[in-house]
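Working notes, structure below.
Each chain gets a letter, A, B and so on, in the order its sequence line appears, and its residues count up from 1.
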Protein chains: 2
Amino acid sequence: MTGGNRGRGRPDTGVREAILAATEAILAEAGVARLSTKEIARRASAAESSIFYHFTDRLGLLQAVVRLHLPLYRDVAEEVVRRAGQGSLRDNLALLLDGLDAYYRRITPILAAVQADGDLRARFAERGADGAVGPQRALLPIVDYLAEERRLGRVRADLDLEPAALVIVGTAYQRAVFRRLSGVDAPAADTARVVDTLLPALIAR
Amino acid sequence: MTGGNRGRGRPDTGVREAILAATEAILAEAGVARLSTKEIARRASAAESSIFYHFTDRLGLLQAVVRLHLPLYRDVAEEVVRRAGQGSLRDNLALLLDGLDAYYRRITPILAAVQADGDLRARFAERGADGAVGPQRALLPIVDYLAEERRLGRVRADLDLEPAALVIVGTAYQRAVFRRLSGVDAPAADTARVVDTLLPALIAR
DNA sequence: GTCTATAAGTTGATAGAC
DNA sequence: GTCTATCAACTTATAGAC
């Protein structure tokens, strides 16, 4: 056990965290293809066997990395939910798109790893079934936000929430993927244009 | 040389094609993580060394698989460009979304492989620079279609084409990724709802 | 909890016969 | 063009000392 350590038990020497950080770095730079326990150990300046001590096996490590990033999504999404009714719809949408974009830029390598490894995918499909991490869940906070704005009369009364959330998330994801594939590492510059294109689909006419 | 063989040169024994098909199958079922030359040879009922004879190395094989699927995108996209001005905008958009969805369902495992392998990603980043396959190019046919519809006055005169194309492609891609992650293999059922949500962003008010 | 050392298996790739 | 045989390097994982 590490992380929440406050003096009880063995002192936290940080190897576990170093391993997680090294894993994430390799995933982002080189991809799962080059993610070997030896390379992780080298970058974390730790023994290879420490990986197995902390995470049981390679897949356990990958799972831990994914788990580490799930709360971040809630942060991004719930930040916007809280803003429902405040500020302009345009500003909120820009905030949501940029927030999702930054989030996706960070987790795209990890998502790619999940998609690239059948075993890892299977482990998350199980979890998805019991409702904890199912991919469609990603839409829920956005749906909540839109529902609140609809209740307040700031978006069309007949807005179909799930498709609308899908369009927003899909647009943010696509921007992140495009930028990663083209090797650009700067934040997106065209948020305003995307927002202005999206808005007429949301507001009353 | 195989494929276009029409009697000249050595007879086409189909090993090359079998290797490509086996590669695609493994990618779809298990992901790059399990894509070994040995497994490919086994599934293709061919010798492992034949892979190296035809594709030089593992990366060359992956490149060949990607290349095999690029024309398919043009087919999907250009089908819709041809329909500009014909049928209803709603029908065309539904056709485009479903076409892109089917396309993405097929290439998602391949795209995942590219994202998961840094070397492969690098090879395509180079190509992208010289303009042949750059990811943003995926938007061009959709931009062309929207431009034609705009010229005909069937979409808003002030529609911002690139963001609009991004939204359409992103939505289609997101649906495909979601469905793959949740293990569902059927075509999308909610196209109509998505189209009706998207449409107000495109048409004149 | 972290290390060193090591085992057993798999990997991508080559040489050479047919 | 396709095969069999082979290799050195690397892979995940374990045992046991500290």
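With rounding to whole Å, B:Tyr53 atom OH is found 17 Å from D:dT4 atom P. One interatomic measurement links the two molecules: CZ of B:Arg42 to C1' of D:dT4, which rounds to 18 Å at whole-angstrom precision. Residue A:Ile51 contributes atom CD1, which lies 13 Å from atom P of C:dT4 at whole-angstrom precision. Remark: P of D:dT12 and CG of A:Leu120 are 14 Å apart, rounded to the nearest angstrom. If you take CD1 of A:Ile40 and P of D:dC10, they are 16 Å apart, rounded to a whole angstrom. Between A:Leu61 atom CG and D:dT11 atom C1' there is a gap of 15 Å when expressed in whole angstrom units. Taking atom CD on B:Glu17 and atom P on D:dG1, their separation rounds to 11 Å, with Å as the unit.
Not a single ring pair (Phe, Tyr, Trp, His ring centres under 6.0 Å) links B:Phe55 to another residue, sequence neighbours left out. Applying the salt bridge (charged side-chain N to carboxylate O under 4.0 Å, His left out) test to A:Asp160 and every residue at least two apart in sequence or in another chain returns B:Arg193. Take A:Ser88 and apply the side chain to side chain contact (heavy atoms under 4.5 Å, CB included) test, not counting sequence neighbours, and it matches A:Arg90, A:Asp91.
Using modelled atom types, one finds a donor on one side chain and an acceptor on the other under 3.5 Å when comparing B:Asn92 with B:Tyr145.
Among residue pairs with one or both ends in residues 180-202 of chain A, none qualify as ring pair (Phe, Tyr, Trp, His ring centres under 6.0 Å); sequence neighbours excluded. The ring pair (Phe, Tyr, Trp, His ring centres under 6.0 Å) analysis of residues 68-95 of chain B, with sequence neighbours excluded, yields the pairs B:Tyr73-B:Tyr103.
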Set out, line by line, the N/O atom pairs under 3.5 Å between protein and nucleotides 10-14 of chain C.
| unit_1 | atom_1 | unit_2 | atom_2 | d |
| --- | --- | --- | --- | --- |
| C:dG12 | OP1 | B:Arg58 | NH1 | 3.3 |
| C:dG12 | OP2 | B:Thr37 | N | 2.7 |
| C:dG12 | OP2 | B:Thr37 | OG1 | 2.9 |
| C:dA13 | OP2 | B:Arg58 | N | 2.9 |

